[in-house]
Structures are given as structure tokens and as C-alpha cells.
Amino acid sequence: MEILVCLKQVPDDSVELHLKPGTQEVNLEGVTPVVNAFDTYALEMATRLKEAVGGSITAITIGPEGAKDAVKTCLAVGANQGCLITDPSFEGADTLGKSKILAAAIRKLEADAGKPFDLIFCGREATDKATGQVGPQLAEALGVGVVTDLVDIQQTDAGVQAKQETEEGYRLVDTPLPCVVTVNKPPYDPRYPTIKSKLAARKMPIPTLDAAALGGVAPGAAGSHVVKVYEPAKRQAGVKLKEETCEETVAKAIAMMADAKVL
């Protein structure tokens, strides 16, 4: 099975971020970029499927030259080859623009390899913007089906069966190939690279594709516009009630809520 995993390099979400004074720009100075968490889940699920049925995994990302580090991380934990899509004209593209760029890159890689991708994995969303739109928009651009919020997948005679998480529980979706899937957090964690796999990944070439190589593709007019960027309000510290009895504690809690006019 030929598998492609789309990934994104994002700021480390364990670090508290702030806006630059007087601007709506996020201050990323000193923040280490990492592979988006949901994309690591997608890669792990893809790797497990490859180990079960055989095949190859290609990891791709859109970004600057430094985003090659994200691709190398994927090469160390399951991907067989990778590719960086980079061009100054791609900077600032919204999700619709990025889906068009990814679709052009996928067609280019398929043409060069002489075979199509059977399955395209994306993370459910990116931890920096959390729009969850690139996967479905990419499927539309490629003209294939999409299944979202996967927590498991297995091959069938007719294609694949995806276990999809819903608000009520789970749903099993059978779909033919090719298709795009987006991955939620599965019941297992992504594997860690070994020293040997890290060293091997460093030596692997990572080709790049620019706008010219993709036939002059451009993001086009933005389909969305950011109105405002702001930091969430800080939560106030809670209040501990230490009354003599449970009845007195409940009474005081109700009185406090009444004073705050939340009742």
C-alpha cells in the first residue's frame, strides 16, 4: 500500500505563548518548532498499517527550509521517504491555499513515481490554528472521499475500514481507495525514534518542491480572513470552603453563587 502522510511544523504546545506588545502577532522567539501532535498520531497509525499489510510511507510538509527537521523526525519513526514543499509565494497561505498546494505536490509525486497513493493521512487539526479544514479540503481538491476523526484503521478486500470517533461513540466506515483520512488521538502513543533510526534519518536526502516544480501553483485568493488574534483571559484562582459541616459548606457555596449572580 502506498501511503502519504501530511504533516505540519508547529510551535511546541507545552510552552505558554504570548502576543508581541501592541501587535496581534504571536511571539515565537525561543520557542522550539515540533511536529504537530495529531500528525504524529497519523504517522503512527499509518506505520502500523504499513507493518500489517506492507508498502511505503511518504511524509510531506509545507514550510521553510527549517521544516526539513520535521520530515527527518518522521523518517526516524516510520516514514520511508520525505519531501519539503517550499516557496516564498506559499507563505501566509490559508487552509484552502495549502490544500491546493498539497494536492499539486501529491500529483507531482505520483507522476514521478509512476503510481498513485492509496491512502493519505492528515492529523485531525493543527495545534496552532486548530481549524481541522485541510484534510477535507485536500480530499475535495483531489476528488476523493474523506473520513474524519479516525482512531483506528484496517485494510479490507474493498479498501479500508475506518473506526471513526463520534459524539455518541464510534462508527465503522468502509471506504474504497484512494481516500483521505484525518486522525484523532488513537488508544496508543506514537513510537519514539532510536539512536540508530535518528542517525539514518539525518543521512536521507529530502527533496524540495517549489511553485515552479508544481507547475506554477499558487495559493490564490484567501478563502478566510483573520479578524482578531487575542490571548484568552486568565482564570481566577478558586476558593476553598472549609466549614464545620457539609450543610454549612453547601449553604455558603450557594450564598457565594447568589452574590455573584450566577443563580
Side-chain angles (χ1 to χ4, degrees), residues 1-9 35-63 67 70-71 73-75 77-85 90 93 95-126 131-156 158-165 173-184 186 190 206-207 209 214 217:
M1 182 176 290
E2 294 300 319
I3 301 171
L4 182 133
V5 178
C6 300
L7 59 107
K8 183 180 182 181
Q9 193 176 57
V35 179
N36 174 50
F38 285 103
D39 298 342
T40 66
Y41 303 148
L43 177 61
E44 177 62 28
M45 187 178 292
T47 301
R48 291 182 178 225
L49 180 61
K50 181 190 73 171
E51 292 171 344
V53 304
S56 177
I57 296 176
T58 301
I60 64 172
T61 188
I62 302 172
V71 179
T73 298
C74 295
L75 293 174
V77 288
N80 300 96
Q81 53 269 334
C83 180
L84 172 66
I85 307 163
F90 298 162
T95 59
L96 185 60
K98 288 178 180 177
S99 67
K100 293 177 180 178
I101 296 166
L102 287 171
I106 290 169
R107 294 190 183 102
K108 169 67 173 172
L109 292 173
E110 289 178 333
D112 289 348
K115 52 187 175 182
F117 289 107
D118 301 299
L119 200 55
I120 298 170
F121 281 81
C122 301
R124 173 189 176 182
E125 60 189 21
T131 62
Q133 295 177 352
V134 171
Q137 288 175 338
L138 175 59
E140 177 69 17
L142 292 172
V144 300
V146 60
V147 186
T148 59
D149 285 340
L150 267 66
V151 292
D152 198 11
I153 193 170
Q154 59 182 0
Q155 188 181 40
T156 64
V160 292
Q161 184 179 80
K163 185 176 182 181
Q164 182 186 53
E165 188 171 47
V173 180
D174 290 298
T175 181
L177 301 177
C179 73
V180 175
V181 297
T182 72
V183 179
N184 202 340
I206 300 175
L209 296 174
L214 300 181
V217 65

Residues two or more places apart in sequence or in another chain: which of them pass side chain to side chain donor-acceptor pair (under 3.5 Å) with [X]?
X     : value
Arg48 : Glu44
Lys50 : Asn80
Glu2  : Lys115

What residues form a side-chain contact (heavy atoms from CB on, under 4.5 Å) with [X], not counting sequence neighbours?
X      : result
Pro178 : Val144
Asp174 : Thr156, Gln161
Gln81  : Ser56, Thr58
Asp149 : Arg124, Gln164, Asn184

Item to check | Whether Asn36 side chain and Lys8 backbone form a donor-acceptor pair below 3.5 Å | outcome: no
By ring pair (Phe, Tyr, Trp, His ring centres under 6.0 Å), Phe90 pairs with (sequence neighbours left out) none
Sorted by chain and residue number, the ring pair (Phe, Tyr, Trp, His ring centres under 6.0 Å) partners of Phe121 (sequence neighbours excluded) come out as none
Check whether any side-chain heavy atom of [X] lies under 4.5 Å from a side-chain heavy atom of [Y], and answer yes or no.
X      : Y      : value
Val160 : Val181 : no
Cys74  : Leu7   : yes
Ile60  : Ile106 : yes
Ile120 : Leu102 : no
Leu109 : Leu4   : yes
Leu43  : Ile57  : yes
Leu119 : Leu49  : yes

Which pair of heavy atoms, one from [X] and one from [Y], lies closest together, and at what distance?
X      : Y      : result
Gly135 : Cys122 : CA-SG, 4.1 Å
Ser99  : Val134 : CB-O, 4.3 Å
Thr182 : Pro136 : CG2-CD, 4.3 Å
Leu75  : Gly82  : CD2-N, 3.8 Å
Leu138 : Cys6   : CD2-SG, 3.9 Å
Gly78  : Thr47  : CA-OG1, 3.6 Å

So the ring pair (Phe, Tyr, Trp, His ring centres under 6.0 Å) pairs with at least one residue in residues 133-153 (sequence neighbours excluded) are none
Residue pairs passing the salt bridge (Lys or Arg N to Asp or Glu O under 4.0 Å) test with at least one member in residues 103-114, sequence neighbours excluded, are Lys108-Asp112
CE (Met45) and NZ (Lys163) are apart, to the nearest 0.5 Å, by 10.0 Å
d(Thr95 OG1, Glu125 CD) to nearest 0.5 Å is 12.5 Å
